[in-house]
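We name chains A, B, ... by the order of the sequence lines, and we start the count at 1 in each one.
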There are 2 protein chains.
Amino acid sequence: METVKKRSECPISCSLDVFGDKWSLLIIRDLMFWGKSTYGDFLKSEEGIATNILASRLQTLEENKIIEKLEHPGSKAKNLYRLTEKGIDLLPVLTEIYLWAEKFFSIPADIKATIDEAKKDKEAFMQTTMKDLKKQLEE
Amino acid sequence: METVKKRSECPISCSLDVFGDKWSLLIIRDLMFWGKSTYGDFLKSEEGIATNILASRLQTLEENKIIEKLEHPGSKAKNLYRLTEKGIDLLPVLTEIYLWAEKFFSIPADIKATIDEAKKDKEAFMQTTMKDLKKQLEE
DNA sequence: TCTTTGCACTTGCAAATTGCAAGCAAAATT
DNA sequence: AATTTTGCTTGCAATTTGCAAGTGCAAAGA
């Protein structure tokens, strides 16, 4: 475990030290919106993350308490990753990225519904989604 | 100018292709909240970006229409960088990162006031700040 | 029981990116 | 005219990434 070296005390900079790369937020996206929870799940995502990078990011996110690693209830061969409260609290950040992207990129059909819901009533969307995510922590 | 290679059609992934690194959002932060506008200004930020990385990031952000490069009204030696509308629209993303960070990091005194204002009334903060930023585009 | 498959990584290595120091040309200052 | 400022570019070493292959363990199948 390496010591986390901050570049500055700026909250944005500190945040980017945690998730400021091309992959971490995609893992969080998969956990938050698409029900993924295992190493194999993340590997299947269409962006095609390399296996060593995935292992490394999962470790960093775990060290920073964004996710936690648990035994998989269905199989000893698998691990189950899930968002912590701190990770769930990133929902507004991810949501705003979705809403920004919606203005400037074309949105694939399978994601459209989710974004439209967020667009229609942002607060309601975030409250509902956050409640669902926190419910998972009780299990 | 290199062609932008998307990893997928996912809006989060496309967004990270644009600003998903340790430096781009810090440049945007400097433009958005701290009135910085020149190469030298960004270089002075406490995180200490390398000169070649800064030049490279400014170019990428310009190519992606997040910022634009103009003649500096006061000096021909300087360039003036400013956020486009597309860049200004990232305000909610930056604001939510601030609010997330506020929950999990200790906040330096000089930034505290800004974050407290956002925390007290997020919508009002964003409306006011966005209005100020858009006013700069008219000049 | 033995073999095969699935899962979660780790390792080795080449390629790309980053960080640091130095250099450079045009403009501004002295 | 000489020096400093500004916005870069260049060279190179160090770090990080991406790809392919390999490893160890658990569960399933023959």
Pairs: protein N or O with nucleotides 19-21 of chain C N or O, under 3.5 Å:
unit_1	atom_1	unit_2	atom_2	d
C:dG19	OP2	B:W23	NE1	3.2
C:dG19	N7	B:N52	ND2	3.3
C:dC20	N4	B:N52	ND2	2.9

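Here B:K119 pairs with B:E102 in a salt bridge; the nearest charged N to carboxylate O distance falls below 4.0 Å. Between B:E71 and B:K76 no salt bridge is recorded (no basic side-chain N to carboxylate O distance below 4.0 Å). For the pair B:D17 and B:K5, the salt-bridge criterion is not met [side-chain N within less than 4.0 Å of a carboxylate O]. Between B:K65 and B:E62, none of the side-chain N atoms (NZ, or NE/NH1/NH2) sits under 4.0 Å from a carboxylate O, so this pair counts as no salt bridge.
For residues 27-44 of chain B, the set of pairs meeting the salt bridge (Lys or Arg N to Asp or Glu O under 4.0 Å) definition, not counting sequence neighbours, comprises B:R29-B:E47, B:D41-B:K44.
The CG-P distance, from B:D21 to C:dT17, rounds to 12 Å in whole Å. When the P atom of C:dA8 is taken as reference, atom OH of A:Y39 falls 8 Å away, rounded to whole Å. Rounded to an integer number of Å, the gap from B:L80 CG to C:dA27 P is 18 Å. The separation between A:H72 atom NE2 and C:dC9 atom C1' is 16 Å, rounded to whole Å.
When heavy atoms are screened at a 4.0 angstrom cut-off, A:K69 is found touching the sugar-phosphate backbone but no base atom. Nucleic acid contact for A:Y81: sugar-phosphate only, since backbone atoms but no base atoms lie under 4.0 Å from a heavy atom of the residue.
The side chain of A:R57 contributes an N or O atom lying less than 4.0 Å from OP1 or OP2 of D:dT17.
At distances below 3.5 Å, not a single donor-acceptor pair connects side-chain atoms of A:R7 with backbone N or O atoms of B:E46.
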Each nucleotide of nucleotides 22-30 of chain D classed B (base within 4.0 Å of a protein heavy atom), S (only sugar-phosphate) or -, in 5' to 3' order, makes ----SS---
